[in-house]
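Counting starts at 1 for both ligands and their atoms, following the listed order. Owing to the predicted nature of the structure, the values given are computational and were not obtained by experimental measurement. We're numbering straight along the sequence, starting at 1.
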Amino acid sequence: MKKKVLVVFGTRPEAIKMAPLVKEFRKYPEKFDTRVCVTAQHREMLDQVLEFFEIEPDFDLDLMQPNQNLYTLTAEIITGLKPLLESINPDYVFVHGDTTTTMATSIAAFYSGAQICHVEAGLRTFNMKSPFPEEMNRCVTGVLSAIHFSPTENARENLEKENKKASDILVTGNTVIDALGYSVAKVTAAGFAHPEIEQIRHLVKPGIKTLLVTGHRRENHGEGFLNICRALKTIARDHEDSAIIYPVHLNPNVQRPVYELLDGIANIHLIAPLSYPAFVWLMEKSYLIITDSGGVQEEAPSLGKPVLVMRNTTERPEAVSAGTVKLVGTDPEIIVKETRRLIKEEGYYNEMSGRHNPYGDGRACERIVTFIQNHTYEG
Ligand code: UD1
Ligand code: UDP
């Protein structure tokens, strides 16, 4: 009998990291009935990913609201999934990471009796307030999950400390490396043209260092983002031989301060969020990356790009230990000082920019699918 697999995701990073898994499951139609449901917690930023990976969801809850709140979003995901779970009655429900979609889907899937499979399981900061609400989301999902697919040994150890059974955990590497591989292969294939890359190519100038910036974390909304913008303004003023390129996240709590404080500065380019291949292209061209993103912390080390992380905690200690990622928080003085060091001190820059990839070999999805193939369903 075919195993019924339902893959649910809602935001840009979940889509990027689940797309190669959907493709892997769909290689075996005789073994798996694979369906995809998007909550559309994100809309445009999700659709960019679906288009690039050529995935058409079977179900689209279309939930995003402007400046949505966590209460309503959580409730709507749970109630939106109910009829779907009841009608298709999946054996396995796959969720990813730590968003509201992840946590709310896990609750709904638990009610339905499906086995919950958590991809990117076991990341922890051990601080419920940072990142907020992601630490809570992944802890709740971890409690409800039957199978935990961990990206690294460190993540596995976190789960074992929470008394998860060793046989329910598989270390796979991070599926983001599978996504990177797909992206690079597609973009470099003969005949592939990407209009977005052509549109941004002129922003990357010879002799000018490109500083790529992204940011969106809820705990940085308000004072945190004001500080980040102050720091970027100072960096732009002090380093005329550099240019900041900042694809601004669509969250209004990010758009507002960023456009109010940084629009119109000659060497700061504020642009719309980029589709995944264009963003990967831009990471490759960058001198350094300043971000509060989770996924970017995983991708940049394998591209040999130093990353300054505008957070006080990280659930991804591997690249920090390897020396390619450094936590700088949101204090403008520290962001400015660390950026200046990387621009001015060549030796320091070279130490941080060594290529390093603690996050996988691009075969995470293959391992997940093989595991499920051999798994005995205990519904
Ligand atoms: C969400 C996740 C966060 C993840 C991030 C990735 C939660 C609570 N937060 O944060 O864990 O790291 O996505 O980017 O799950 N918006 C648009 N179009 C889009 C996307 C967002 O207009 O395509 C705007 C909308 O006004 C929306 C708002 O951004 O209401 C916030 O989106 P939301 O998903 O709630 O929070 P993020 O900050 O994006
Ligand atoms: N990304 C993208 N376009 C952008 C910025 C980021 O495709 O303009 C990708 C990036 O390569 C990474 C993911 O989005 O894979 C990270 O998403 P985000 O920072 O929104 O979420 P997080 O990883 O922090 O949850």
What I want to find out is whether [X] reaches [Y] closely enough, with some N-O distance under 4.0 Å, to be called a salt bridge.
{"X": "Lys233", "Y": "Asp238", "result": "no"}
{"X": "Lys129", "Y": "Glu219", "result": "no"}
{"X": "Glu120", "Y": "Arg316", "result": "yes"}
{"X": "Arg124", "Y": "Glu157", "result": "no"}
{"X": "Asp178", "Y": "Lys23", "result": "no"}
{"X": "Lys82", "Y": "Glu86", "result": "yes"}
{"X": "Arg217", "Y": "Glu134", "result": "yes"}
{"X": "Arg138", "Y": "Glu315", "result": "yes"}

Backbone or side-chain N or O of [X] under 3.5 Å from ligand 1 N or O:
{"X": "Asn67", "answer": "yes"}
{"X": "Arg12", "answer": "no"}
{"X": "Asn137", "answer": "no"}
{"X": "Asp98", "answer": "no"}
{"X": "Thr101", "answer": "no"}
{"X": "Leu70", "answer": "no"}

For [X], counting its heavy atoms only, list the atoms of ligand 1 lying under 4.0 Å from any of them.
{"X": "Met45", "value": "19 (C), 20 (C), 23 (O)"}
{"X": "Thr100", "value": "7 (C), 8 (C), 15 (O)"}
{"X": "Gln65", "value": "25 (C), 26 (O), 27 (C), 30 (O)"}
{"X": "Arg43", "value": "19 (C), 23 (O)"}
{"X": "Pro66", "value": "26 (O), 30 (O)"}
{"X": "Thr99", "value": "11 (O), 15 (O)"}
{"X": "Arg217", "value": "11 (O), 12 (O)"}
{"X": "Glu134", "value": "3 (C), 9 (N), 11 (O)"}

Legend entry - Residue part near ligand 2, for Arg217, under 4.0 Å between non-hydrogen atoms: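 It is the side chain that gets close, since no backbone atom is under 4.0 Å.
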Inset, instruction - Give the contacting part of Tyr276 toward ligand 2: side chain, backbone, both or neither, where contact means a heavy-atom distance below 4.0 Å. - result: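 Answer for Tyr276: both.
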May I ask you to check whether [X] has an N/O atom sitting below 3.5 Å from an N/O atom of ligand 2?
{"X": "Leu274", "result": "yes"}
{"X": "Asp292", "result": "no"}
{"X": "Met45", "result": "no"}
{"X": "His216", "result": "yes"}
{"X": "Ser275", "result": "no"}
{"X": "Gly295", "result": "yes"}

Legend entry - Between Phe279 and Phe52, ring centroids under 6.0 Å: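 Centroid distance Phe279-Phe52: not below 6.0 Å, so no.
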Inset, instruction - Assert yes or no for the condition that the ring centre distance of His42 to His249 is strictly below 6.0 Å. - result: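 Aromatic pair counts; centres sit under 6.0 Å.
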Inset, instruction - State whether the side chain of Asn158 and the backbone N or O of Gly122 hold a donor-acceptor pair below 3.5 Å, judged by distance alone. - result: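 Yes; judged by distance alone, with no hydrogens or angles, the pair exists.
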[atom]: which protein heavy atom is closest, and how many Å away?
{"atom": "atom 24 (O) of ligand 2", "value": "Gly294 N, 2.7 Å"}
{"atom": "atom 14 (O) of ligand 2", "value": "Arg12 NE, 3.3 Å"}
{"atom": "atom 16 (C) of ligand 2", "value": "Ser293 OG, 3.6 Å"}
{"atom": "atom 15 (O) of ligand 2", "value": "Glu299 OE2, 2.6 Å"}
{"atom": "atom 13 (C) of ligand 2", "value": "Ile16 CD1, 3.8 Å"}
{"atom": "atom 1 (N) of ligand 2", "value": "Phe279 CD2, 3.6 Å"}
{"atom": "atom 25 (O) of ligand 2", "value": "Pro13 CG, 3.4 Å"}

Legend entry - Location of contacts on Pro273 toward ligand 1, heavy atoms closer than 4.0 Å: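 No part of Pro273 comes within reach of ligand 1.
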Legend entry - Per-residue contact class, Pro131 against ligand 1 - non-hydrogen pairs under 4.0 Å: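 It is neither part, as no heavy atom is under 4.0 Å.
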Legend entry - Atoms in ligand 2 with a heavy atom of Pro273 nearer than 4.0 Å: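 Here the atoms of ligand 2 in question are 8 (O).
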